[in-house]
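Remarks on the structure that follows.
From a predicted model like this one, the values you see are computed outputs, not experimental measurements. In what follows, chains are A, B, ... by sequence order, proteins preceding strands, each numbered from 1.
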Number of protein chains: 2
Amino acid sequence: MFTFDQLAGFIAVAEELHFGRAAERLNMTQPPLSRQIQKLEKIIGAELLERDNRKVELTNAGKTFLEEARRLMALAERAPASARRIASGRSGVLRIGFTAASGFSILGPLLEEISTIIPDVDVDLQELVTGDQISRLMTGELDIGLARPPFDRETFDSHLLYQESLVLAVPGGHPLTRLARDITPEDFKDEPLIMHSPIQARYFYDLVVRTLPIRHENVVHTVSQVLTMVSLVAAKRGVAFVPHSATMLGIKGVEFLPLPDGDGGQVELHAIWNRRITNPALSRLLRDLEFAME
Amino acid sequence: MFTFDQLAGFIAVAEELHFGRAAERLNMTQPPLSRQIQKLEKIIGAELLERDNRKVELTNAGKTFLEEARRLMALAERAPASARRIASGRSGVLRIGFTAASGFSILGPLLEEISTIIPDVDVDLQELVTGDQISRLMTGELDIGLARPPFDRETFDSHLLYQESLVLAVPGGHPLTRLARDITPEDFKDEPLIMHSPIQARYFYDLVVRTLPIRHENVVHTVSQVLTMVSLVAAKRGVAFVPHSATMLGIKGVEFLPLPDGDGGQVELHAIWNRRITNPALSRLLRDLEFAME
DNA sequence: ATCAAGTGATACCTGGAAGGCATCATGTTT
DNA sequence: AAACATGATGCCTTCCAGGTATCACTTGAT
């Protein structure tokens, strides 16, 4: 088994892409760091870093292992704190995952409510895409997630928190903004389109494809984050369909146009949690929020 | 920071509730195990086990830390395996670019084949014109492209996937459809022509100009996408030379006429990839598709 | 062409930590 | 009270991680 030191060493090198600087950051010298990484690679059984005398690069295996390593380190750093909190008489920790987009709408009020229901519980927040939230909910790394369908209803119980419509994000001053009427699908059929990734943002992708006439030849970018989308719109790369709450991002140079009623469907945000609840703080919260048994 | 050995020690003691038996399970003696736990508790900053001379019990802090410890160990045990899987190409992501036209012919069967060869690899699809595919293949943003010549044979290795003839797309009910014989160049020399863009669709443009007698004064539109062409034909704007697979687009109001043998040339579609392969999933795919070394 | 600089790997040494054995301290059982 | 059970402590030895010096190799400048 590898050690946390090796993980920290690997993370540092992966971030600096330079053994010397990484060693400096870790308050050690370069030679033992080199050996640390070699030993780690031997334990893993795969090359993590490609290095020659000029540069250091992550291999594909290294990239995925980097994610795992970060996850391990984060978990390891949080673990003692939660144990100490329990020991000091506080009643626990509630770990909440949320998508970047939900951070701008429901997260604030929800935290407010949580702090009145279980004021003595510490809340740990993590921004994660739906897929990562689901895997962490399964391993118990998260207690509750603010995520979008689809998820396995057998494993997870859920509560619909929020429903909002899609709007069209266009660059500021775009011709469509000067229309006196509501826009129709005709209006944007020739616009360059910034589209959701069908892999990482499958929910949005499916929703848009299902409810709006999309011409794939207009797709100029495929991205997975609402924030990225809006930034690209601001950079005049094209137009994009985003949930209404994206209007609260406060990005300059973007305007949002409502889509015609009936079009664009409704974006749903659910609170989801593993039916196999082990965290007593979560039981209390669900009971008092009164959406436990739906 | 604690060590994985300390975690394993703690888990063993927490499960056995007996230092001697736990030590035996860990293939060590009891004294160092006692010290290991003491050290862990000191690092955590909380008592994890309540022990007197008769029995060992978990404290509340110990119970929550036990969950964290198990989670950490599970994650740590899985991590090397997933990195190794990526390194051997049995998992990971394969990014495929394709032209709109190839989406209607070869893409489906190819994806089918890919999913049997490397079933647990995620496939990321992006529709891009040949030029964009080539630039993304060079930067490594794509692993494989379905594109048409010309491309640099030094940089890219390739495999001819598909060869099809050009057909003439005409509006439904057009006089030429009523001809009892095969059409000849004479038949369409005065038809309004929807032509490929010599810039964005250079391959088609060159092919058509090279193999068919085109009169440039008949060109009424210059477009770059096969789909657009066929749509314009359906709108009775003129006739167009399109690859045979365009018949599968399913656009109403268009008929397709075969060109005389020897005329119209063959449209080629290649799978191309950077010779400098870094994605192991791609290596595996190429090896098993048996067109890696041609 | 040669040389200086930069970078990761290797050789060798040393200090500290982890594990083993022996033993202690303490509570329980008979 | 004596034997037993169990976790803690003292002491020794081994081994490993880290440090210093140096090597091997590449690149870019003179």
Going by the rule side chain to side chain contact (heavy atoms under 4.5 Å, CB included), which residues pair with B:Lys42 if we only count those two or more places apart in sequence or in a different chain? none

Evaluate the side chain to side chain contact (heavy atoms under 4.5 Å, CB included) criterion for residues B:Ile37 and B:Arg51: first the C-alpha distance (whole Å), next the side-chain angles of each, then the deciding distance (0.1 Å), finally the verdict. CA-CA 11 Å; B:Ile37 302 294; B:Arg51 42 235 199 252; 4.0 Å; yes

According to a strict under-4.0 Å criterion, is A:Ser34 in side-chain N/O contact with OP1 or OP2 of C:dA9? yes

Is there a donor-acceptor pair closer than 3.5 Å between any side-chain N or O of B:Gln133 and the backbone N or O of B:Leu142? no

Check the distance between C:dG20's P and B:Glu24's CD and give it to me in whole angstrom. 13 Å

Are the aromatic rings of B:His270 and B:Phe151 close, with centres under 6.0 Å apart? yes

Between D:dT6 (C1') and B:Leu49 (CG): distance, integer Å: 14 Å

Separation between CD1 of B:Ile44 and CZ of B:Phe10, rounded to the nearest 0.5 Å: 8.5 Å

Can you check the A:Gln38 CD to C:dA11 P distance for me, whole Å? 11 Å

Gap between atoms NZ and P, on B:Lys55 and D:dA8 respectively (whole Å): 13 Å

Just how far, in rounded Å, is C1' of D:dG7 from CD of B:Glu57? 15 Å

Exceeds 12 heavy-atom contacts within 6.0 angstrom, atom CD of A:Glu24: no

Please list, one pair per line, the donor and acceptor atoms closer than 3.5 Å that link side chains of residues 65-77 of chain B to other protein atoms, with sequence neighbours excluded.
from, atom 1, to, atom 2, distance (Å)
B:Glu67, OE1, B:Arg71, NH2, 3.4
B:Glu68, OE2, A:Arg95, NH1, 2.9
B:Glu68, OE2, B:Arg71, NH1, 3.2
B:Arg70, NE, B:Glu15, OE2, 3.4
B:Arg70, NH2, B:Glu15, OE2, 3.0
B:Arg71, NE, A:Thr139, O, 3.1
B:Arg71, NH1, A:Gly140, O, 3.1
B:Arg71, NH2, A:Gly140, O, 3.1

Could you point out which residue of A:Arg85, A:Arg84, A:Arg78 forms a salt bridge (Lys or Arg N to Asp or Glu O under 4.0 Å) with A:Asp122? A:Arg85

A:Thr155: side-chain hydrogen bond (donor to acceptor under 3.5 Å, both in side chains) partners, not counting sequence neighbours: A:Asp152

Is the A:Phe204 ring parallel, tilted or perpendicular to the A:His196 ring (thresholds 30°, 60°)? parallel

Heavy atoms under 4.0 Å is the rule here; annotate nucleotides 25-30 of chain C 5' to 3' with B where the base is hit, S where only the sugar-phosphate is, and - elsewhere. -BSS--

Distance below 4.0 Å between A:His18 side-chain N/O and C:dG8 OP1 or OP2: yes

Can you tell me the distance, in whole Å, between the CD1 atom of B:Ile37 and the P atom of C:dA18? 13 Å

Hey, can you pull the residues of residues 10-17 of chain B with a non-hydrogen atom under 4.0 angstrom from DNA chain D? none

Protein heavy-atom contacts under 4.0 Å, written 5' to 3' over nucleotides 12-23 of chain D as B (base), S (sugar-phosphate only) or - (none), form the string -----SBBBB--

With B:Phe98 as reference, evaluate B:Leu146, B:Ile144, B:Leu111, B:Leu269 under the side chain to side chain contact (heavy atoms under 4.5 Å, CB included) test and give the passing residue. B:Leu146

